[in-house]
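Below: the structure, in structure tokens.
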Amino acid sequence: MDILVTYLPLVMFATLAILAFTGYPIAFVLGGVALLFAVLGDTLGSFRLSQLTLIPLRIYGSTMESLVLVAIPMFIFMGTMLEKSGAAKDLLHALQVMFRKTPGGLALAVTLVGTIMAATTGIIGASVVMVTMMALPVMMRANYNIPLATGTIAASGTLGVLVPPSIMLVIMADLMAVPAGTLFIAAFIPGLFLAALYFIYILVVCGFWPHLAPPMSSDIKPPTRNAFWMMVIRSFVPPTFLILCVLGSILLGFATPTEASGVGAFGSILLAAFNRKLSWINFVDVCKRTALTTGMIFGIFVGATAFAFVFKSTGGDSLIINFIEHMNVGPWSILFVLMGTIFILGFFFDWVEITLIILPIFAPIITLLDFGGHIGTWQGVSNPIMIWFLILVAMNLQTSFLTPPFGLALFFMKGAAPPEIRIQEMYKGSIPFVGLQMFGLLMCMLFPSIVLWLPSYVLGG
């Protein structure tokens with residue numbers, strides 16, 4: 001009986017892992033497992049049912065009162081409205097023209113569109129579906145290698161996880177009690193670093209094996225130089241303006257991420273109006289989709305809060321800390337274990353579940369780690385180890401969108417791709433980009449300045 005009481009949190013986590021595969025909404029699975037083990041803990045004497053009355057106080061007293069989380073519906077609205085505005089389509093066409101003579105020019109254009117859209121949307125599903133519908137038919141007509149085409153689209157679409165304004169970074173900042181603005185600034189260079197790795201990989205592959213990405217026709221170029229520059233201005237100015245409004249206001253200290261999210265939502269409406277895509281039908285559809293997505297995320301918040309409370313109250317925190325202490329290994333070994341655990345969980349769980357369930361469990365472990373002079377002190381950055389760790393987690397979670405069997409980016413792409421594209425080709429195409437993501441993660445682990453230099457420069461004066 002004592003053994004069951006001691007290891008009850010592990011049984012609780014294993015039960016969650018099993019029930020997550022039933023296909024039942026994860027918010028209800030989290031809440032149901034929490035209630036089940038609260039009753040079981042009360043029976044075994046490790047938990048009192050009266051403690052459940054504290055859960056609503058945690059939900060409404062912390063999660064629902066967090067001003068940072070107001071940014072979530074705003075950024076979702078911004079991304080959904082941008083999808084309707086047609087800005088990405090114009091941008092892709094302009095980049096196709098600009099890269100028409102470069103090996104793999106269309107793949108490079110898709111990578112840049114994914115990077116720019118990541119800095120304006122922060123929503124993976126919207127980015128991947130949008131770029132798939134626009135670019136994949138064009139790449140197929142140009143006789144592009146299917147794994148290369150699908151891998152490029154999926155990888156560039158997942159940059160929205162890391163490049164601000166990322167919804168995941170907003171949630172991480174709230175959970176770990178770190179400034180969301182600092183996290184946004186810290187993610188900027190790692191996000192661009194990954195995009196550069198994709199860019200170099202495509203250039204190298206298409207340079208050595210040009211048959212994988214045949215050059216585009218010169219007929220797509222506008223007839224006159226003036227028409228070309230008008231196309232470039234019309235394609236680049238609106239999204240650049242929105243990026244400056246959102247990220248510029250945060251980087252320059254004019255606005256908090258919450259305030260910048262409202263500016264971005266309003267800017268997306270202006271951009272849709274500029275492209276003559278703003279209508280009452282589109283506006284209502286965007287509002288409905290925003291409400292549904294926000295409701296899903298906050299539903300998981302409620303379930304995860306209940307799960308984490310029961311898990312900690314039955315001794316889960318102490319069990320994990322004791323296990324780490326008895327491993328008798330250094331901080332680097334612990335860090336690699338944590339990163340490996342997150343990577344493996346990414347094969348089976350969505351980033352929302354991993355972020356809301358795993359991060360609160362790992363938080364007390366991170367506070368125990370001492371990397372000596374490897375991290376150093378950074379002026380203007382409070383708790384640099386936590387900021388560094390959260391960016392590493394965000395980079396790690398990017399792989400969860402591309403790895404089987406539940407790579408969401410690949411499922412989004414499959415739903416929007418022509419029926420002749422097989423999921424096996426998508427898996428094959430994603431493997432090199434997962435390798436690039438892991439290389440980028442390793443570089444940020446070995447060189448923390450990639451993560452911490454910009455926030456120190458911006459915030460430290």
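The figures here come from the full heavy-atom set of this structure, side chains too, leaving out hydrogens, waters and symmetry mates.
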Ignoring hydrogens and angles, tell me if any N or O in the side chain of [X] forms a donor-acceptor pair with the backbone of [Y] under 3.5 Å.
X	Y	answer
Thr305	Phe301	yes
Ser166	Val163	no
Asn282	Lys277	yes
Asn396	Ile342	no
Ser456	Trp453	no
His211	Cys206	no
Trp388	Cys444	yes
Thr293	Thr290	no

Does [X] have more than 12 heavy atoms from other residues, nucleotides or ligands lying within 6.0 Å of its [atom1]?
X	atom1	value
Phe199	CZ	yes
Leu446	CG	yes
Phe193	CZ	yes

How far does [atom1] of [X] sit from [atom2] of [Y], to the nearest 0.5 angstrom?
X	Y	atom1	atom2	answer
Glu425	Leu148	CD	CG	12.0 Å
Thr355	Ile171	OG1	CD1	6.5 Å
Ile354	Met168	CD1	CE	9.5 Å
Lys84	Ile281	NZ	CD1	9.5 Å
Leu390	Leu175	CG	CG	9.0 Å
Ile202	Thr102	CD1	OG1	12.0 Å

(Q) With side-chain contact (heavy atoms from CB on, under 4.5 Å) as the criterion, how do Phe389 and Leu338 come out once you've worked through the C-alpha distance, each side chain's angles and the decisive distance to 0.1 Å? (A) CA-CA 10 Å; Phe389 175 74; Leu338 297 182; 4.2 Å; yes

Any side-chain heavy atom of [X] sitting closer than 4.5 Å to one from [Y]?
X	Y	result
Val246	Val263	no
Ile269	Phe283	yes
Thr377	Pro384	no
Met140	Ile421	yes
Leu10	Phe13	no
Ser249	Glu259	no
Asn275	Arg234	yes
Met445	Met395	no

Restricting to non-hydrogen atoms, name the atom on [X] and the atom on [Y] that form the minimum distance, rounded to 0.1 Å.
X	Y	answer
Pro448	Ile375	CG-CD1, 3.9 Å
Thr115	Ala195	OG1-CB, 3.5 Å
Tyr144	Ala107	OH-N, 3.5 Å
Ser268	Leu242	N-CD1, 3.8 Å
Met413	Thr150	CE-O, 3.0 Å

Q.
Can you classify the ring geometry of Tyr24 versus Phe28 as parallel (below 30°), tilted (30 to 60°) or perpendicular (above 60°)?
A. tilted

Q.
Below 30° counts as parallel, above 60° as perpendicular, anything between as tilted: where do the rings of Phe336 and Trp332 land?
A. tilted

Q. Checking side-chain contact (heavy atoms from CB on, under 4.5 Å) for the pair Met81/Leu278: CA distance, chi angles, key distance, verdict?
A. CA-CA 9 Å; Met81 182 60 79; Leu278 182 61; 4.1 Å; yes

Q. So Trp378 and Ser449, side-chain contact (heavy atoms from CB on, under 4.5 Å) or not? Walk me through it.
A. CA-CA 9 Å; Trp378 295 85; Ser449 56; 3.7 Å; yes

Report, one line per pair, each donor and acceptor closer than 3.5 Å where one atom sits in a side chain of residues 177-190; sequence neighbours left out.
none

Donor-acceptor contacts under 3.5 Å from residues 428-439 side chains, at least two apart:
{"unit_1": "Ser430", "atom_1": "OG", "unit_2": "Leu402", "atom_2": "O", "d": "3.1"}
{"unit_1": "Ser430", "atom_1": "OG", "unit_2": "Tyr427", "atom_2": "O", "d": "2.8"}
{"unit_1": "Gln437", "atom_1": "NE2", "unit_2": "Tyr198", "atom_2": "OH", "d": "3.0"}

